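Heads up, the thing below is written out as structure tokens.
What you see is a predicted model; the values in this text were computed from it and never measured. Chain letters run A, B, ... following the sequence lines, proteins first and then strands; every chain starts at 1.
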Amino acid sequence: MPVDGQAPQPAGGRLPRVRFAPSPTGYVHVGGARTALYNWCFARQQGGAFVLRIEDTDRQRSEASWESGILSALEWLGITWDEGPYRQSERSGLYSDAAARLLAGGHAYYCSCRRDEIDARTKDNPVPGYDGFCRDRGLGPGPGRAVRFRVPDEGVTVVRDLVRGDVEFANSTIEDFVVVKSNGDPLFVLAVVVDDEAMGITHVIRAEEHLPTTPKAVLLWGVLSDAPLPAFAHLPVLVNEKRQKLSKRRDKVAVEDYRDEGYLPEAMVNYLGLLGWSPADGRELLTRDELVAGFRLDEVNRSPAFFDEKRLAHFNGVYIRALELDEFVRRALTFCSSPRAPWPPERFDERAFRRLAPLVQERVATLGEVPGMIEFLFDEPFRLDPDAFAKAIGGDSGAAGILRAAIARLEGCSWDADTLRAEMAAIADSSGRKLAKAQAPVRVAALGRGVGLPLFESLEVLGRERALERLAAALDGTALFSGADGAVRPASVAGGA
RNA sequence: GCCCCCAUCGUCCAGCGGCCGAGGACGCCGCCCUUUCAAGGCGGAAACACGGGUUCGAAUCCCGUUGGGGGUGCCA
């Protein structure tokens, strides 16, 4: 990879070259991830190149740490780049050269107007934007002077868009926009055009929010380069439940967050891939390779898509269940180790987890849910859900009898799930209950919750000693605390508050 | 305000003038399976924003309206 920040010249072939060009100002937005994915699919399918370019021309907001976050998020998603990362901050010479050519060719001029001055002059104008005050003042460079592009007064600039068709902008509605800030830094419009040209980008695939600035890029390209314009493809934005563009401030959008909650990258890729596109055969479960093979830019739809976490979770559950058991355990291990897990790290026993893993695997939608499923094996002290206790034990007058019977029968039986089940079935019979109803007090007493893994397998792994201990403690709780309102607080067994 | 984009179940997609009495998936509801919960199976409710055209025929094409969104920075 080049270290001097200079892009190699395009080979001159006809293979497509695309780029993903995030600015390092925060976590990777799921919308950005989708953009990256579509670029990547297109490049891989066409045998072209995927270029990674860091757009850090805004020195105030850009931070190197965000850049490494972007790289690791892309790696996590399996989005590999062929070139880069290039950094615009390392390519400033290119931009000043371009600005100089603009100035020399009469396509740009220095402007000394401040924002408040412009606003004061233009507040009653029918056409918004800069009024061209400095166009013909013949200003040279100097402090506080920006460079503006001289937009033609007449004519129409057409953006040919692969997903939207031709979009026309009257030049009269485009203001003379700034291309170089008064501190000498290029503005992104300029930097993007210069880089796309220098890097031989053939397809600019990005979010729709960039569509309104695209005619400016087209205008710049026209005076800066003889090369043909790249094709544009503006993807629909991703929105929240209120149908507003996802924002880092108000919405949960960081792919890092989803990673940390235990979403699988292949599920995320599958879900993201279907947000705005779908294969002709209607399949919804697609591997990365199938996505690459089937993806078509001109099939991308035009309307905004809601990022639906429920649907993502469904995909994730499907992918989790499809994992080989060993692979599931391996991936879940990260979530079972401190500090994320709700138990002291030394208490975790991988072999115990492994015995229950098949049952866990089909019950979780994210890997982050795994610890909660097996918490009863490792927590110290044992945590018992007071609400579950109140319902299944405190609020059930027959619960004490069931618990007593369970203690009696489980003391001496052989300790395996089948036997435990048979013993509980016998208790159910003699108490005139269905097994489903009879097992509830035992479940809550031994596992601490009303719902969870199958009871008998769980007891088997828990072990006789701890199981009987808990049943006895729960029995004490019923004697001491069974209040009429069901608001039972079994202080003797509840681990916490 | 101005410029631009968009418009099929709550949500994501299918639909490219007749095959639409609008299909799939998520979610939701019910039933089955079942030691709880899941998973799985079966079934159900649920949409072409509105108005004009064009056409023998429109969810599909055109125009308008309405609604939503994006942009309007010396942010990207």
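Within a 6.0 Å radius of NZ in A:Lys252, more than 12 heavy atoms belonging to other residues, nucleotides or ligands are found. Within 6.0 Å of CZ on A:Arg160 lie no more than 12 heavy atoms contributed by other residues, nucleotides or ligands.
For the residue pair A:Thr214/A:Arg206, the side-chain donor-acceptor check at 3.5 Å is satisfied. For A:Asn171 and A:Thr157, the side-chain atoms include at least one donor-acceptor pair closer than 3.5 Å. Side-chain contact annotation: A:Arg164 with A:His234, donor-acceptor N/O pair under 3.5 Å absent. Judged purely by distance below 3.5 Å, without hydrogens or angles, the side chains of A:Ser278 and A:Arg283 never pair a donor atom with an acceptor atom. Using modelled atom types, one finds a donor on one side chain and an acceptor on the other under 3.5 Å when comparing A:Gln88 with A:Asp195.
Taking the P atom of each, B:G27 and B:C42 are spaced 16 Å apart, rounded to whole Å. The separation of B:G53 from B:G17, taken at their P atoms, amounts to 22 Å, rounded to a whole angstrom. Distance noted for atom P between B:C56 and B:G41: 48 Å (whole Å). On the P atoms, B:G21 is 33 Å away from B:C31, given to the nearest whole Å. Spacing of C1' atoms, B:C20 relative to B:U36, comes out at 44 Å, to the nearest Å. For the C1' atom pair drawn from B:G40 and B:A59, the interatomic distance equals 35 Å after rounding to whole Å. For B:C9 and B:G24, the C1' atoms lie 12 Å apart once the distance is rounded to whole Å. Atom name C1', nucleotides B:G10 and B:C29: the rounded distance is 14 Å, in whole Å.
In this structure the side chain of A:Phe149 never reaches within 4.5 angstrom of the side chain of A:Tyr109, judged on heavy atoms.
Across all strands, A:Leu453 comes closer than 4.0 Å to base atoms (heavy-atom distances). Heavy atoms of A:Gly282 sit nowhere under 4.0 angstrom from any nucleic acid atom. Residue A:Glu457 is classed as a base contact, given a heavy-atom separation below 4.0 Å to a base.
Between A:Tyr271 and A:Tyr263, the distance from one ring center to the other does not fall under 6.0 angstrom. Proximity of the aromatic rings of A:Tyr38 and A:Phe295 is defined here by a centroid distance below 6.0 angstrom, and this criterion is met. Aromatic rings of A:Tyr258 and A:Tyr27 (six-membered ring for Trp) have centroids beyond the 6.0 Å cut-off, not under it.
Residue pairs that meet the side chain to side chain donor-acceptor pair (under 3.5 Å) test with at least one member in residues 357-368 of chain A, sequence neighbours left out, are A:Thr366-A:Glu369.
Residues that satisfy the ring pair (Phe, Tyr, Trp, His ring centres under 6.0 Å) test with A:Phe20, not counting sequence neighbours, are absent from this structure.
The CG atom of A:Asp281 sits 14 Å away from the C1' atom of B:A25 (whole-angstrom rounding).
Stacking of A:Arg19 on the aromatic ring of A:Phe50 is not recorded, the 6.0 Å distance cut-off and the 45° axial limit not both being met.
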Protein-nucleic acid N or O pairs under 3.5 Å, nucleotides 39-49 of chain B:
unit_1, atom_1, unit_2, atom_2, d
B:A39, O3', A:Arg321, NH1, 3.2

With 3.5 Å as the limit, what N/O pairs link the protein to nucleotides 74-76 of chain B?
unit_1, atom_1, unit_2, atom_2, d
B:C74, OP1, A:Arg115, NH1, 3.3
B:C74, OP2, A:Arg115, NH1, 3.4
B:C74, O2, A:Ser182, N, 2.7
B:C74, O2, A:Ser182, OG, 2.9
B:C74, N3, A:Ser182, OG, 3.0
B:C74, N4, A:Cys113, O, 3.1
B:C75, OP2, A:Lys181, NZ, 2.8
B:C75, O2', A:Asp58, OD2, 2.7
B:C75, O2', A:Arg61, NE, 3.2
B:C75, O2', A:Arg61, NH2, 2.8
B:C75, O2, A:Arg61, NH2, 2.9
B:A76, OP1, A:Thr57, OG1, 2.4
B:A76, OP1, A:Asp58, N, 3.4
B:A76, OP2, A:Phe188, N, 3.1
B:A76, O3', A:Glu55, OE1, 2.9
B:A76, O2', A:Ser23, OG, 3.2

Show me the protein contacts with nucleotides 59-64 of chain B, counting only N or O atoms at under 3.5 Å.
none

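In a base pair of the Watson-Crick type (N1 to N3 plus N6-O4 or O6-N4) or a G-U wobble (N1-O2 and O6-N3), with each distance short of 3.5 Å, B:C2 is matched with B:G71. Pairing for B:A14 is absent, with no Watson-Crick or G-U wobble pair whose two atom distances lie under 3.5 Å.
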Given protein heavy atoms under 4.0 Å, the one-letter contact record of nucleotides 2-14 of chain B, with B base, S sugar-phosphate only and - none, is simply SSSSSS---SBSS

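Taken to the nearest 0.5 Å, the CG atom of A:Asp161 stands 9.0 Å off from the CD atom of A:Glu208.
Taking the side chain of A:Arg443 as heavy atoms from C-beta on, and the options B:G27, B:U35, B:G70, the nearest nucleotide is B:U35.
Applying the 4.0 Å criterion to OP1 and OP2 of B:G71, one finds that A:Lys245 has a side-chain N or O inside that range.
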